[in-house]
Amino acid sequence: MDTKLKNYIVKENGDIILNMGPQHPSTHGVLRLEVVLKGETVKQVVPHIGYIHRGIEKMCEYDTYKQIIHLTDRMDYLSAHMNNEAVCLLVENALGIEVPERVKYIRVVLDELTRIASHQLWWSAYGMDLGALTAFFYGMRDRERILDIFEESFGSRLLHSFNTPGGLMHDVHPNFQKHTMEFVKYFRKKLPEYHQLLTDNVIFRNRTQGIGVMSKETAIAYGVTGPSGRGSGYSCDVRKIAPYGVYDQLEFEEIIYDEGDSFARYMVRMKEIEQSLNIIEQAVDKITDGPYTAKVKPIIKLPEGEYYQRVETARGELGVYVVSDGKKFPYRMHFRSPNFNNLFVLNTIAKGHLIADLVAISGSLDLVIPDIDR
Amino acid sequence: MSGVIKYFADILHGIKTLWGGMRITGKYFLSPKEIVTQQYPEIRHKQKIVYDRFKGEVIMPHDENNQHNCTGCGVCEMYCPNGSIEIITKKIPGENGKMIKVIDKHIYHLSMCTFCGLCIKVCPTQALAWGQNFEHAVYDRSKLTKVLNKPGSSYKGLNKKKEAKS
Amino acid sequence: MHDRIYDFSQLTHHIDQALRSVMSPTWTVITELVIIGLIFLGFYALLGLFLVYAERKVCALMQNRIGPNRVGKWGTLQTVADLIKLLTKELVYIKRSDKFLYNLAPFIVIVASFLAIAAVPFAKGLQAVDLDIGIFYIIAVTSLGVIGILLGGWASNSKYSLIGAMRSGAQVVSYELSVGLSLLSIVIFTGSTRLSTIIASQADGWWIFKGHIPAVIAFLIYLVAATAEINRGPFDLPEAESELTAGFHTEYSGIKFAMFFLAEYMNMFLVAAIATTLFLGGWMPFHIGHWDAFNRIMDYIPSIIWFFGKVFFIIYVIMWFKWTFPRLRIDQLLKLEWKYLLPLNLINTIIIAFIVMMGWYF
Amino acid sequence: MKSNEELIKYFTELLPDAQIQEGKQFVEITVALDKWHETAKTLAQCDLKFDFLVNITAVDYLPKFMIVCHLTSTTTRDFIVLKTFIEDRDNPTIDSLYDIWPTAEFQEREIFDMFGIKFNNHPDLRRLFLEDDYGYPLRKDFKDEINMIELKN
């Protein structure tokens with residue numbers, strides 16, 4: 001190996017370099033971690049990314065604002081709806097479009113359903129990372145119910161490009177409210193099983209408690225947001241600190257744990273599922289009749305200037321930064337993706353742990369690689 | 001002494017939590033009714049497996065006279081973010097000898113489609129719709145390029161125009 | 001007498017007599033060895049296939065799935081199809097690996113598990129060799145398998161394999177102690193290491209019932225330690241899919257991988273068989289005190305069914321462990337052994353010795 | 001949380017050299033290139049404590065580059081925008097903010113990858129997504145000869 005290319009690695013005699021990924025069961029996608037090991041102890045983690053870089057930011061410069069929506073789906077595919085909403089909110093705020101009340105509540109319900117689905121998938125995958133393979137199937141089984149609700153209303157299960165600047169692409173299915181409430185009822189029954197199977201398990205606790213401790217200062221310095229940040233005792237829920245949509249009219253708690261270890265990050269997500277169920281219960285009743293979209297011109301042109309919109313996805317704060325030159329295409333579009341920042345804290349918090357802990361830590365950060373690569 | 005008690009308490013607590021997890025898996029082991037697997041190729045014949053709004057592919061509905069709603073205006077082509085729609089128009093002689101522009105081929109590249117639904121939403125004459133077919137596997141990539149208007153079909157509005165005029 | 005019906009020693013005796021009448025004693029022994037070897041080979045293959053199928057069905061049911069259901073009725077031939085696939089797969093050779101050891105490793109693993117079957121008493125009179133030191137023979141032979149794992153991991157010239165193999169070494173060396181000690185408790189009870197004697201001593205009650213709580217503790221410890229020793233979840237650290245992709249057999253493919261795979265399941269069977277023999281009365285039927293009618297009904301169930309029933313129950317429990325628990329970390333694994341299992345086991349052994357000395361057991 | 005007027009007043013006192021105006025949403029502070037690091041440090045240590053670098057990215061305004069930072073304070077929740085311009089197109093360099101906000105390390109690597117802007121004092125300036133000999137794709141004058149995308153109007 002060319003030593004010049006590798007000067008970022010600090011290697012002593014007797015250390016081994018282990019490449020985890022890009023095809024590795026626990027990196028959840030095409031992330032490659034170059035790990036320097038002393039025995040089984042991790043000395044340094046160097047993430048290598050870019051295996052699925054698609055140049056979404058460049059593509060956005062050649063797409064109209066309505067066309068951009070479907071690209072944002074493909075960044076963090078597990079919080080596709082929140083990504084859509086970020087762009088839509090940005091355009092709506094820039095143009096001063098007043099979105100109908102019905103749309104706002106539908107969006108909140110969808111946000112929270114997406115969040116639950118994302119956390120369920122994460123729970124499943126985290127169980128699998130730690131070797132509890134059955135957890136994977138239980139999580140997937142319950143997630144299927146949400147995906148069915150999505151499929152019934154929008155026709156697709158994961159990337160439903162359902163938002164459009166000004167409202168929704170089309171109205172939700174008449175059964176949407178009923179099925180959502182059925183799901184909430186069903187899932188409230190199943191959630192205790194999740195805790196019994198994994199949360200309370202002594203092996204699971206030993207594998208996560210005290211592992212990968214991220215102090216509040218580290219979290220802020222590295223820009224870690226979302227459940228991973230809140231597990232470090234630092235309030236960073238955009239829904240609370242810069243409310244968008246109708247989040248300021250709904251009652252929910254921001255879950256904060258002070259421990260900063262993998263278990264705290266785990267618990268934040270599990271408690272967030274409960275909060276999301278509460279939000280859905282409140283919001284579903286408030287979906288009033290009305291139009292599903294505001295009147296928007298067929299070709300959207302943002303006034304010249306810079307815009308920034310923050311939303312809370314399932315993984316943290318997504319920022320959309322748009323520079324408009326008054327044309328129908330954005331001049332520059334940048335996404336501040338939560339996973340990008342969450343990934344690079346890995347080296348700091350995984351140092352000194354065992355290689356099995358590295359899996360537990362990177363799992364607890366809940367990384368989605370397409371969001372990092374964009 | 002408290003250390004010894006804690007030592008055994010830890011063991012008992014550990015066994016208790018482990019047994020809690022085993023109860024869950026044991027419960028599901030003994031209740032085969034909870035199985036959620038759908039046996040795919042067989043289930044197709046028994047029940048509908050996708051919802052009505054399922055985005056399988058873009059289709060162009062034709063009525064019994066082999067007529068469709070597409071005017072060939074090209075809005076869908078313009079809106080498509082991936083260039084998966086190509087519209088080829090032709091000119092045919094219409095009423096009083098004037099040439100009218102009509103659709104010749106509405107080419108749809110399924111392989112490039114991201115199912116964003118913009119073409120269907122923006123179509124001024126509702127000529128496009130979602131089809132529920134999802135079994136798109138083919139042996140040759142070129143087969144994924146489809147012509148949506150059937151051969152010999154014509155624009156529905158053309159007759160209406162003629163009727164209105166006459 | 002109903003005991004006679006299911007006694008295999010008459011059958012084997014007849015075969016022995018027949019062979020002796022046609023050839024010299026030396027040739028008889030050789031022929032018998034060959035016959036037994038062939039029977040065990042067939043048994044080994046069939047049992048491996050069945051266990052793989054059983055594991056897949058058990059885990060599928062626990063996970064709300066159907067499991068294999070395409071090949072044959074209820075997917076029963078699925079494992080046969082898998083076997084054919086594995087047999088026809090290409091054997092990948094790694095550059096700069098130690099060819100000889102790399103090829104040798106799967107055979108060591110499989111031979112170790114194969115050797116141990118010889119001493120397993122399947123039913124009344126159905127035991128290939130009844131050694132005086134039966135238990136220790138089995139313990140010694142099954143732990144040979146780890147040499148194969150170490151060799152395979154080292155010779156593969158892959159870091160994942162190496163880490164997996166080293167973990168396996170540490171794991172087996174530690175858990176061997178607990179396995180040995182918990183088996184020792186039964187040896188103390190019976191005063192013999194001969195498997196047939198141990199079984200005979202359980203005619204009036206299995207050791208798990210006769211031995212009071214210490215025997216139950218020894219049984220539980222044995223179950224945990226044995227699960228760890230055969231590298232099954234939650235102790236599957238040498239393979240640790242999410243960390244080491246596949247651990248020591250990362251670089252093996254085709255039939256060589258199948259050998260590791262088969263050996264794992266055979267080890268599971270062996271462990272269950274030992275537990276059955278020592279704690280659950282081997283092929284002895286279930287008897288309750290003086291309920292003669294009940295005991296008689298139990299006697300009419302053939303001993304081979306008793307044996308396999310108990311074995312499969314223990315195998316099910318081991319599978320249940322695997323499909324419920326998360327994996328331990330290597331330091332926790334060793335901590336569990338040295339901090340919890342071993343001290344408990346030592347205390348337990350002393351208690352048992354005391355019980356035996358005072359004659360407080362049935 | 002302060003209103004934009006209050007923030008403008010506050011920053012006019014704090015940063016006399018900077019050019020402060022109200023943008024579409026937030027207060028925007030534009031500083032000269034050589035004051036970049038110094039201003040960032042002042043902001044991180046001022047009373048409002050802008051300790052959280054939300055986002056740092058670049059925009060290619062032909063022929064100059066703009067580096068833009070979105071900063072927020074985790075205590076007061078104020079949100080501001082910090083900007084500077086790089087005139088030198090052939091060899092654009094700027095000070096790294098790595099020592100103030102460690103998260104800048106990787107976001108700056110992304111900027112280096114996409115725009116070719118070099119950061120002084122950066123600990124590990126390598127390409128992040130793309131190969132070493134690839135161009136700088138987010139520059140407006142970038143042309144990919146193989147996969148040509150042309151703007152259709």
Side-chain angles (χ1 to χ4, degrees), chain A residues 5 7-8 46-53 55 57-59 61-62 93-94 216-225 229 234-236 240-242 302-310 317 319-321 323-325 327-329 331-332 334-337 340-341 343-345 348 372-374, chain D residues 1 23-26 28 44 49 51-62 66 68 70 72-77 79 81 83 98 100-107 109-111 113-115 123-132 134 137-140 142 144 147 149-153:
Chain A
L5 279 173
N7 55 7
Y8 51 85
V46 185
H48 292 266
I49 54 177
Y51 289 92
I52 43 166
H53 182 70
E57 287 174 14
K58 185 77 178 171
M59 276 150 89
E61 292 175 15
Y62 298 91
N93 289 347
K216 190 177 171 183
E217 289 70 38
T218 317
I220 293 173
Y222 278 90
V224 179
T225 51
Y234 130 66
S235 154
C236 56
K240 281 280 184 200
I241 60 178
L302 291 197
E304 215 167 306
E306 293 169 28
Y307 305 92
Y308 190 82
Q309 177 67 44
R310 318 156 77 184
E317 176 180 338
V320 183
Y321 172 67
V323 181
S324 171
D325 57 351
K327 298 214 178 80
K328 62 176 181 176
F329 305 120
Y331 185 76
R332 166 96 170 95
H334 177 72
F335 296 99
R336 184 250 185 232
S337 54
F340 185 86
N341 293 280
L343 166 68
F344 287 107
V345 79
T348 319
I372 297 168
D373 278 1
R374 298 194 294 287
Chain D
M1 210 170 159
K24 290 272 178 195
Q25 292 158 295
F26 310 110
E28 292 175 1
K49 261 185 103 63
D51 50 358
F52 190 77
L53 176 68
V54 182
N55 180 32
I56 171 168
T57 189
V59 183
D60 183 8
Y61 287 114
L62 280 168
M66 181 176 85
V68 52
H70 293 82
T72 188
S73 159
T74 51
T75 44
T76 62
R77 304 286 176 212
F79 199 93
V81 184
K83 289 180 188 175
Y98 159 73
I100 305 169
W101 300 291
T103 180
E105 178 183 351
F106 302 99
Q107 305 201 21
R109 263 176 77 185
E110 190 189 346
I111 297 173
D113 197 4
M114 294 296 167
F115 291 92
D124 182 21
L125 200 62
R126 282 179 291 128
R127 297 296 289 252
L128 190 59
F129 298 119
L130 304 166
E131 291 159 29
D132 287 340
Y134 203 82
L138 282 181
R139 286 191 181 190
K140 286 283 170 186
F142 172 79
D144 187 354
N147 301 306
I149 308 172
E150 266 165 29
L151 205 60
K152 49 178 200 271
N153 264 307

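First the proteins, then the strands, lettered A, B, ... as listed; each starts at 1. This structure is a prediction, so every number in the text was calculated from the model and none was measured.
- Residues Lys216(A) and Thr74(D) form no side-chain contact, since every pair of their non-hydrogen atoms from C-beta on lies 4.5 Å or further apart.
- No hydrogens or angles considered: nothing links the side chains of Arg310(A) and Thr72(D) as a donor-acceptor pair under 3.5 Å.
- No more than 12 heavy-atom neighbours from other residues, nucleotides or ligands sit within 6.0 angstrom of NZ on Lys49(D).
- No side-chain heavy atom of Tyr51(A) sits less than 4.5 Å from a side-chain heavy atom of Phe129(D).
- Glu28(D) has its side chain within reach of Glu306(A): a pair of non-hydrogen atoms, C-beta onward, lies under 4.5 Å apart.
- For chain D, the option among Gly319(A), Ser235(A), Gly55(A), Gly305(A) with the highest count of heavy-atom pairs below 4.5 Å is Ser235(A).
- With a 4.5 angstrom heavy-atom cutoff, Glu105(D) does not touch chain A via any of its atoms.
- A donor-acceptor pair is defined here as one N or O able to donate and one able to accept, closer than 3.5 Å; such a pair exists between the side chain of Arg332(A) and the backbone of Ala58(D).
- Between chain A and the options Asp124(D), Thr57(D), Val81(D), the largest number of non-hydrogen pairs under 4.5 Å is found for Thr57(D).
- Glu131(D) does not touch chain A: none of its heavy atoms, backbone or side chain, sits under 4.5 Å away.
- Using cut-offs of 30° and 60° on the angle between ring planes, the pair Tyr234(A) and Phe52(D) is tilted.
- Side-chain atoms of Lys240(A) and Arg77(D), non-hydrogen and from C-beta on, never get closer than 4.5 Å to each other.
- A heavy-atom distance below 4.5 Å is not found between the side chains of Asn55(D) and Phe335(A).
- Taken to the nearest 0.5 Å, the CD atom of Glu110(D) stands 7.5 Å off from the CD1 atom of Ile49(A).
- With a 4.5 Å cut-off on non-hydrogen atoms, Phe340(A) touches chain D through its side chain but not through its backbone.
- For a residue to count as touching a neighbouring chain, one of its non-hydrogen atoms must lie under 4.5 Å from one of that chain's; by this rule Glu217(A) does not touch chain D.
- Chosen from Ala94(A), Gly223(A), Ala242(A), the residue pairing most often with chain D at heavy-atom distances under 4.5 Å is Gly223(A).
- Once rounded to the nearest 0.5 Å, the distance linking CZ of Phe344(A) with OG1 of Thr103(D) reads 9.0 Å.
- Using a 4.5 Å heavy-atom cutoff, the side chains of Met114(D) and His334(A) are not in contact.
- Remark: Glu57(A) CD to Leu138(D) CG distance equals 6.0 Å, nearest 0.5 Å.
- Aromatic ring centres of Tyr222(A) and Phe106(D): separated by at least 6.0 Å.
- Looking at Asp60(D), only its backbone comes within 4.5 Å of chain A, counting heavy atoms on both sides.
- Between chain A and the options Val68(D), Asp113(D), Val59(D), Ile56(D), heavy-atom pairs under 4.5 Å are most frequent for Val59(D).
- The nearest pair of heavy atoms linking Asp51(D) to Ile220(A) is O-CG2, 3.4 Å.
- In summary, the aromatic rings of Tyr61(D) and Tyr331(A) are positioned with their centroids under 6.0 Å apart.
- Residue Thr218(A) does not touch chain D at all, counting heavy-atom pairs closer than 4.5 Å.
- Proximity to chain A is absent for every atom of Ile100(D), based on heavy atoms less than 4.5 angstrom apart.
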